[in-house]
*Asks:* 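Would you mind keeping the following structure in view while I ask a few things?
Keep in mind the model is a prediction, meaning the values are calculated, not measured.
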Amino acid sequence: MDFLLLLPHGQRIVLEVDGSQHHTRDHGRSPDTGKYAEMVADDRDLKLRVYEVYGSDARSGDI
């Protein structure tokens, strides 16, 4: 979790700004399905706890 916004009326927003190191190995050269699955599971757990989760790849420029 990079940023947590606690807003009025119980709204909770998580902002994730991840680089490729969060879901690859060999310095971004090879996908790592285990890391990716763990990241997706963490996001799912937050959503089940009624957090809104938004993410972006830091290198993509769509922040």
*Asks:* Please answer whether the main-chain N or O of K35 pairs with a side-chain N or O of D32 as donor and acceptor at a distance below 3.5 Å.
*Replies:* yes

*Asks:* Which residues pass the side-chain hydrogen bond (donor to acceptor under 3.5 Å, both in side chains) test with Q11, sequence neighbours left out?
*Replies:* E52

*Asks:* Just to verify, what does L5 make a side-chain contact (heavy atoms from CB on, under 4.5 Å) with, not counting sequence neighbours?
*Replies:* L7, I13, L15

*Asks:* Hey, could you give me each pair passing side-chain hydrogen bond (donor to acceptor under 3.5 Å, both in side chains) that has a residue in residues 40-50? Not counting sequence neighbours.
*Replies:* none

*Asks:* V53 and V50: same hydrophobic cluster, using ILVMFWY side-chain contacts below 4.5 Å?
*Replies:* no

*Asks:* Any chance you could pull the hydrophobic cluster mates of V40, using side-chain heavy atoms under 4.5 angstrom and chaining through other members?
*Replies:* Y36, M39

*Asks:* Suppose we screen for side-chain contact (heavy atoms from CB on, under 4.5 Å). Which residues come up paired with T33, at least two apart in sequence or across chains?
*Replies:* none

